[in-house]
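Letters A, B, ... are given to chains in the order of the sequence lines, protein chains preceding strands, and every chain is numbered from 1.
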There are 2 protein chains.
Amino acid sequence: MNTESHIDCKQCKNRYKSIFCDLKEEEVDVLSLGKACKTYKKGEEIFTQGTPPKGIFIINAGKVKISRLADSGNEQIVKMVNSGEILGYRALLSNEMYSSSAVALEVTSICFLPRHLFFRFIEQNATLAGALLKIAASDLKHTERKLVDLSQKTARERIAEALLYLKEIYGYEQDQTTINVILTRGDIANIAGTTRETSIRVLAGLKKDKIIDFSGKSIKVKDFPGLVSLANISD
Amino acid sequence: MNTESHIDCKQCKNRYKSIFCDLKEEEVDVLSLGKACKTYKKGEEIFTQGTPPKGIFIINAGKVKISRLADSGNEQIVKMVNSGEILGYRALLSNEMYSSSAVALEVTSICFLPRHLFFRFIEQNATLAGALLKIAASDLKHTERKLVDLSQKTARERIAEALLYLKEIYGYEQDQTTINVILTRGDIANIAGTTRETSIRVLAGLKKDKIIDFSGKSIKVKDFPGLVSLANISD
DNA sequence: CGCCGACTTGATTAAATTCAATGTCGGTGG
DNA sequence: CCACCGACATTGAATTTAATCAAGTCGGCG
């Protein structure tokens, strides 16, 4: 939770450059003014569903889940985020309350860029707006795909796809097998849009079929092609 | 299918202005160069899933559904579109094949803006990029919401919500009651992410409960508040 | 040591899909 | 004009899937 000076935070500048490719050095400097860095503990909320957005967040290091809580208490994970990504731009752009919450999955370091700076930049800098547009288009693509999957695939297919998704976002650990993120079975269920029990049963089935392996929360992919064909991905 | 000269098509210019608010007159003129207008028959495809995007489409008049076909043959409607909206920008921005198809639901007049012009504009004109960004943010919001609904709501709630969605997009006819679009039961099912049979049964139930009324394909909303509370909308 | 949170497993239940059959409407051609 | 065709709508019954409910287990931590 400590707030560093923007001068200390060289890492952030590099993030800006990699996200908004082609930004000039002085543009990065201006972006860096007025922003603040924070460290969030595991489980801590970065922003909360139903509250107004005050700026955007850029993840320096760590992992975050974006999820939406229904009145029923059910949680649906909308997106998993890794370091280097932008967070919270959607609500800001449509000028609405956050429709989902962001929670740190581990110790996470995040830069905050206040809204007035954010808007000044996308209004004045077509490159940045274009970069953001591409991010939005990519988010939209992934969300549309999830939408279609949810309505057309079985729980088994969706869990398989969730594992592939996690591998895509977080990659493997050094062993090139273990998916590099620790989640509860409930979280995996909430990515796949099913219940904890179903996710447990499906994971157990995948283990028996030697597609994956696990003991505890780390999941190893033993048969990647098998997982892909199970997930039944179309494009 | 006739292609009009861009000079004839005054309507298009007004569309540009309303979509990309604040465009100057000469910018609209440049946008108008090189574009073409077409009229599509009912059922005709505007673009096809799996093909490369060549530009964006702007609907002058008519109604369109955007849907994605799975290998299984199942169709999921991703979005319903009315006149005045932009179409097909997503695939263009992420530089991918179309992940869904667009089909005219009735006789529909559409302007086409080729990709080189589109990109020149969003690169040079921050206002336009910003406007598009807001459209993308709005699309993303709607898609995220649908995603959550699909995983958490019953078929009845989703059908109720689909009707509200159609009313929001297309409005009522003169009687201020009849939803201003003609769809098959299958289409409604594909919006709600269920089967034709289920959509028929649920619609029959809503009719019996005097929430809606219909004979044939036109649907009348008799109890709007009832429909809203059925749909169980959170935000 | 005992407790808490997460995990696991089995049994039951509910919801919705699937399958099958029939009905209706609009258009088309003889 | 009428018979027929095809597309869509409707209804009932069987089946499947996954949610829900109910216990019991495991592992870490105060």
(request) Using atom CZ of B:Arg201 as one end and atom P of C:dC19 as the other, report the distance to the nearest whole Å. (result) 13 Å
(message) By nearest atom, which of the nucleotides D:dT10, C:dA16, C:dT17 is closest to the B:Phe214 side chain?
(response) D:dT10
(message) For A:Asp223, run the side chain to side chain contact (heavy atoms under 4.5 Å, CB included) check against A:Leu230, A:Ile211, A:Asp213 and tell me which one passes.
(response) A:Ile211
(request) Rounded to the nearest angstrom, tell me the gap between atom CG in B:Leu203 and atom C1' in D:dA9. (result) 11 Å
(request) Nearest whole angstrom, please: distance from the C1' of D:dG27 to the CZ of A:Arg185. (result) 14 Å
(message) Just by distance, no angles: are the side chains of A:Asn190 and A:Gln76 close enough, under 3.5 Å, to form a donor-acceptor pair?
(response) no
(request) Counting heavy atoms from C-beta on, name the nucleotide in C:dC7, D:dC8, C:dT9 closest to the side chain of B:Lys217. (result) D:dC8
(message) For A:Glu144, is there an ion pair with B:Arg68 - N to carboxylate O distance below 4.0 angstrom?
(response) no
(request) Just say parallel, tilted or perpendicular for the rings of A:Tyr98 and A:Phe47, cut-offs at 30° and 60°. (result) parallel
(request) Send over the distance from B:Leu150 CG to C:dA16 P, rounded to a whole Å. (result) 12 Å
(request) Please state how far atom CD in B:Gln152 lies from atom C1' in C:dA16, giving the value in whole angstrom units. (result) 18 Å
(request) Please state whether the phosphate of D:dC8, meaning OP1 or OP2, lies under 4.0 angstrom from any side-chain nitrogen or oxygen of B:Thr184. (result) no
(message) Of the listed nucleotides (C:dC7, D:dA19, D:dT11), which one gets closest to any side-chain atom of B:Ala204?
(response) D:dT11
(message) I want to check one thing: is the phosphate of C:dT17, taken as OP1 and OP2, less than 4.0 Å away from some side-chain N or O of B:Thr194?
(response) yes
(message) Rounded to whole Å, please give me the gap between CG in A:Leu206 and P in C:dT8.
(response) 13 Å
(message) As a test of reading the structure: which of D:dT10, C:dT8, D:dA18 is closest to the side chain of A:Ala155, going by heavy atoms?
(response) D:dA18
(message) I need the CZ-P distance between A:Arg196 and C:dT8, as an integer number of Å.
(response) 10 Å
(request) Specify the closest pair of heavy atoms between A:Ser67 and A:Gln49, including all atoms of both residues, with the distance to one decimal. (result) O-OE1, 4.1 Å
(request) In whole angstrom, give the distance that lies between atom CD1 of B:Ile182 and atom C1' of D:dA7. (result) 16 Å
(message) Can you tell me which nucleotide in C:dA6, D:dA19, D:dT10 comes closest to the side chain of B:Ile200?
(response) D:dT10
(message) Quick check: on DNA chain D, is the nucleotide nearest A:Glu197 upstream (toward 5') of the one nearest A:Arg156, or the reverse? Name the residue that is more 5'.
(response) A:Arg156
(message) Does D:dA19 have its OP1 or OP2 closer than 4.0 Å to a side-chain nitrogen or oxygen of A:Thr195?
(response) yes
